[in-house]
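What follows is one structure encoded as C-alpha cells, with my remarks underneath.
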Amino acid sequence: MGVTNDPRSHGLWAQSACDAPVTGCLTQDTTADVAIIGAGYTGLSAALHLAGAGRKVVVLEGQEIGYGGSGRNVGLVNAGLWLMPSDVMRTLGQTYGERVLSLLGQGPEVVFSLVRKYGIMCEAEPTGTLHCAPDHAGVRNLQQREKEWQQLGAPVTLLGEGETRRLTGSHAYRAALLDARAGTIQPLSYARGLAAAAMAEGAEIHTASPVSSVYREDGGWLVRTPRGSVKAQWVIVATNTYTDQLWPEIREEQIHLPYFNIATRPLPPACLELILPKKQGVWDTREVLTSFRLDQAGRLVVGSVGSLGMIERNIHRQWAHRALTRIYPMLRDIAFESEWYGRIGMTMDSVPRYHRLDEQVLSISGFNGRGISPGTMFGQILARRICGELADADMPLPLTHIKHPPLRIARETIYRFGSTAVHAVFDRL
C-alpha cells in the first residue's frame with residue numbers, strides 16, 4: 001500500500017497499486033550527471049530516458065514515488081491538452097503549436113509502449129476515451145473538436161446518441177468524441193512501474209529525501225538533503241504542483257484546482273455487461289466536469305472539481321451519489337468504498353511552461369489536468385535536451401520567464417468554494 005497514512009491522499013490507487021520498487025533515503029554524498037527533484041511522471045520519465053542514454057542519474061523524492069498528482073489522478077491517458085488545437089496554435093504560435101500538438105498527440109502511444117516494453121502492471125486499457133456531451137452546447141463543442149483533430153489526422157470520431165449510449169451504458173449523453181489514441185491506467189502503478197524501469201536502466205531513486213538546498217559549487221550544483229547530497233552538472237526540477245520551499249515561484253505561477261475521486265465497490269457482473277463495456281474513460285463537457293472510469297476489479301471511479309476537506313467532504317459525497325444515480329440509475333444503491341483528492345496545477349492560458357530556473361537547471365510544469373501523457377513526454381524531452389539532442393530553440397515549448405497570475409489566491413478560493421456550491425445545488429446532469 002504505502003504512500004501515506006491518510007486514506008484520502010491516494011485512496012483506491014494506494015490499495016490496488018503494484019508494489020513500489022525498494023528505495024530508501026539518501027544517506028551519503030554522491031555525484032551524478034543529472035539530479036532530478038521529484039519522482040512523478042516527469043521526473044521518472046526523464047530518469048528513465050537519461051539512464052537509458054548512459055547518463056548517471058539520481059532522483060530525490062521528499063515523500064514516496066507518485067506522492068503528488070501522479071498517484072492521485074483519475075488515470076485517463078489522453079492525447080493533447082485540454083485546449084482545442086486552434087487554441088493551442090493561437091496561444092503558442094504556429095511553430096510551437098505544431099510541435100506541442102504533434103508531440104502530445106503521440107503521448108498515449110508512448111505511454112502504452114513503455115508499459116509493454118517494461119512489463120509495467122498498471123491495468124492498462126488502450127481502448128480510447130469518451131468526451132461526452134450532456135447538452136446541445138456540449139455537442140457543438142465536440143463537433144468543433146472532431147473537425148480540428150481530424151484536420152490534423154487524429155483518429156477521433158464523433159458518436160451519435162445511440163452509439164454513445166452503447167459505449168457508456170447511459171442515457172445521460174447526446175454525443176461523445178471517441179479518441180482511439182487514448183485509454184486508462186492505474187496511475188500510481190504506472191508511476192511505480194516507471195521508477196522500476198528507470199532503476200533497471202541504472203538510475204538511483206531515493207525516497208524520503210526532501211531537498212533542503214541547491215547551490216553552485218565548482219561549476220556544477222550541490223543538491224543537499226537532510227542526510228546526504230548529490231553533486232551534479234544538471235538539475236531537473238520536476239515537482240510541479242507539489243513544489244514547496246525550493247523554487248516556490250513554480251507553485252506561485254499556477255492556480256491550484258482541487259480534484260477528488262470516489263470509488264464504488266466492485267459492480268455486479270450484470271452491471272458490468274452494460275457499463276463501459278470497452279472500459280473507456282469518460283469525462284463530460286461541463287465547466288465543472290464529471291469524470292468516471294472502471295478499474296480492473298470493476299469499481300466505478302467518479303470524480304470532479306473539489307476537495308474532501310472537513311467543510312466540503314459530505315457535500316461532495318452526496319453529489320457523487322446523485323451524479324452516479326443520474327448517469328446510471330441501476331447503481332442507486334451501490335456503496336462507495338474509497339475516496340481521495342489532490343491538486344491540479346492550472347496556468348492562465350492552460351499551456352505548460354518550460355523554464356530555465358538557473359544555468360543548467362530546467363523545469364517543465366503546469367499540465368492543467370493532463371499529467372500522464374504530457375508528463376511522460378516532457379520528461380523524455382528534458383532528457384533529450386540534457387543529452388544535447390535538442391537546443392532550447394528546438395523544444396516543443398518556448399523558454400519563458402515565470403509570471404505570477406493575477407489574483408491567484410482569490411481564484412483558488414473561488415475554485416474551491418465555487419465547486420462546492422455547484423455540487424451542493426446539483427439537481428441535473
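Quick note: numbers below take in every heavy atom, side chains included, and nothing from hydrogens, waters or symmetry partners. The residues of the chain are indexed from 1 along the displayed sequence. In this text, all values refer to a predicted model and were calculated from it rather than measured experimentally.
- A donor-acceptor contact shorter than 3.5 Å links the side chain of Ser373 to the backbone of Asn78.
- Side-chain atoms of His423 and Ser304 include a donor-acceptor pair closer than 3.5 Å.
- Under a 4.0 Å N-O distance rule, the pair Lys403/Glu253 does not qualify as a salt bridge.
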Step-by-step side chain to side chain contact (heavy atoms under 4.5 Å, CB included) determination, Val282 to Ser291: CA-CA 5 Å; Val282 180; Ser291 64; over 6 Å; no
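- If you check the side chains of Arg251 and His256, you find a donor sitting under 3.5 Å from an acceptor.
- For the pair Glu61 (side chain) and Ala39 (backbone), a donor-acceptor distance under 3.5 Å is present.
- A donor-acceptor pair is defined here as one N or O able to donate and one able to accept, closer than 3.5 Å; no such pair exists between the side chain of Arg384 and the backbone of Leu50.
- Electrostatic pairing of Arg356 and Asp392 counts as a salt bridge here, judged by a charged N lying under 4.0 Å from a carboxylate O.
- Stacking of Arg99 on the aromatic ring of Tyr96 is recorded, both the 6.0 Å distance cut-off and the 45° axial limit being met.
- More than 12 heavy atoms of other residues, nucleotides or ligands shown are found within 6.0 angstrom of CD on Gln150.
- When side chains are defined from C-beta on, Pro248 does not count as touching Thr243, because their heavy atoms never get closer than 4.5 Å.
- The pair Arg8-Glu339 meets the salt-bridge criterion, with a side-chain N (NZ, NE, NH1 or NH2) lying under 4.0 Å from an Asp/Glu carboxylate O.
- Distance alone, capped at 3.5 Å, is enough to place a donor-acceptor pair between the Asp295 side chain and the Gly298 backbone.
- Ring centroid separation for the pair Tyr190 and Tyr41 comes in under the 6.0 Å cut-off.
- In summary, Glu412 and Arg416 do not engage in a salt bridge, as defined by a charged side-chain N under 4.0 Å from a carboxylate O.
- Using a 3.5 Å distance cut-off with no hydrogens or angles, the side chains of Tyr341 and Glu312 do not pair a donor with an acceptor.
- Side-chain atoms of Gln318 and His316 form no donor-acceptor pair, as typed in the model, at a separation below 3.5 Å.
- Counting non-hydrogen atoms of neighbouring residues, nucleotides and ligands closer than 6.0 angstrom, the CD1 atom of Ile409 reaches no more than 12 such neighbours.
- A salt bridge links Arg299 with Glu337: the distance from a Lys NZ or Arg NE/NH1/NH2 to an Asp or Glu carboxylate oxygen falls below 4.0 Å.
- With no hydrogens or angles considered, no side-chain donor-acceptor pair links Ser45 and Thr376 at under 3.5 Å.
- Shortest non-hydrogen contact noted between Leu257 and Met346 is CB-CG, 4.0 Å.
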Gln254 and Asn368: CA distance, side-chain angles, deciding distance, side-chain hydrogen bond (donor to acceptor under 3.5 Å, both in side chains) verdict: CA-CA 9 Å; Gln254 302 177 30; Asn368 297 277; over 6 Å; no
Pair Tyr67-Arg72, side chain to side chain contact (heavy atoms under 4.5 Å, CB included): steps then yes or no: CA-CA 8 Å; Tyr67 171 79; Arg72 304 172 191 238; 3.4 Å; yes
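- With salt bridges taken as basic N to acidic carboxylate O contacts below 4.0 Å, none links Arg293 and Glu125.
- You'll find the ring centres of Tyr259 and Trp340 outside the 6.0 Å limit.
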From CA spacing to verdict: side-chain hydrogen bond (donor to acceptor under 3.5 Å, both in side chains), Glu148, Ser86: CA-CA 7 Å; Glu148 293 188 15; Ser86 60; 2.8 Å; yes
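- Rounded to the nearest 0.5 angstrom, Leu324 CG and Leu300 CG are separated by 5.5 Å.
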Evaluation steps, side chain to side chain contact (heavy atoms under 4.5 Å, CB included), between Asn261 and Asn73: CA-CA 8 Å; Asn261 291 291; Asn73 68 84; over 6 Å; no
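- Looking only at distances, no side-chain donor or acceptor of Ser102 sits under 3.5 Å from a matching main-chain atom of Glu98.
- Atom CE of Met377 sits about 11.5 Å away from atom CZ of Phe367, to the nearest 0.5 Å.
- For the pair Val59 and Gly38, the tightest heavy-atom approach, listed with the atom from each and the gap, is CG1-O, 3.8 Å.
- Inter-residue side-chain proximity for Ile372 and Leu76 is flagged as unmet; no heavy-atom pair is nearer than 4.5 Å.
- Rounded to the nearest 0.5 angstrom, Arg192 CZ and Cys122 SG are separated by 12.5 Å.
- Panel note: side chain Ser212, backbone Pro226; no donor-acceptor pair is recorded below 3.5 Å.
- Closest approach of Pro277 to Leu167, counting heavy atoms only: CD-O, 3.3 Å.
- Residues Leu188 and Gln186 are in side-chain contact: their nearest non-hydrogen atoms beyond the backbone lie under 4.5 Å apart.
- Within a 6.0 Å sphere centred on CE of Met121, other residues, nucleotides and ligands contribute 12 heavy atoms or fewer.
- The backbone N or O of Ser350 lies less than 3.5 Å from a partner atom in the side chain of Thr347, making a donor-acceptor pair.
- Residue Ala238 comes nearest to Ile36 through the heavy atom pair CB-CG2, 4.5 Å, listed as atom of the first residue, atom of the second, then distance.
- Side-chain contact between Met395 and Ile381: present, with at least one pair of heavy atoms (C-beta onward) separated by less than 4.5 Å.
- Other residues, nucleotides and ligands contribute only 12 or fewer heavy atoms inside 6.0 Å of the CD atom of Glu109.
- Residue Gln151 places its CD atom among more than 12 non-hydrogen atoms of other residues, nucleotides or ligands, all under 6.0 Å distant.
- Rounding to the nearest 0.5 Å gives a distance of 4.5 Å between OH of Tyr354 and CG of Leu362.
- A 4.5 Å side-chain heavy-atom check between Pro134 and Thr285 finds at least one atom pair inside the cut-off.
- Checked by atom type and distance alone, the side chain of Arg313 never pairs as donor or acceptor with a backbone atom of Ile311 at under 3.5 Å.
- Atom CE of Met199 and atom CG of Leu44 lie 10.5 Å apart (nearest 0.5 Å).
- The two residues Ile255 and Pro405 have their closest heavy-atom pair at CG1-CG, 4.0 Å.
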CA sep, side-chain torsions, deciding dist, call: Tyr328, Thr168, side chain to side chain contact (heavy atoms under 4.5 Å, CB included): CA-CA 10 Å; Tyr328 297 116; Thr168 61; 4.2 Å; yes
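- Judged by distance alone, the side chain of Ser113 and the main-chain N or O of Val111 form no donor-acceptor pair under 3.5 Å.
- Side-chain contact check for Trp247 versus Ile37: some heavy-atom pair is nearer than 4.5 Å.
- By the 4.5 Å heavy-atom criterion applied to side chains, Val74 and Phe292 are not counted as neighbours.
- A cation-pi arrangement is absent between Arg265 and Phe336 under the rule of less than 6.0 angstrom and at most 45 degrees off the ring axis.
- Atom CZ of Arg174 is separated from atom CG of Leu159 by 16.0 Å, given to the nearest 0.5 angstrom.
- The shortest heavy-atom contact between Ala175 and Val139 is CB-CG2, 4.0 Å.
- Between the side chains of Thr129 and Asp179, no donor-acceptor pair is found at a separation under 3.5 Å.
- Using a 4.5 Å heavy-atom threshold, the side chains of Pro352 and Pro374 count as separate.
- Using modelled atom types, no side-chain atom of Thr264 and backbone atom of Ala335 make a donor-acceptor pair closer than 3.5 Å.
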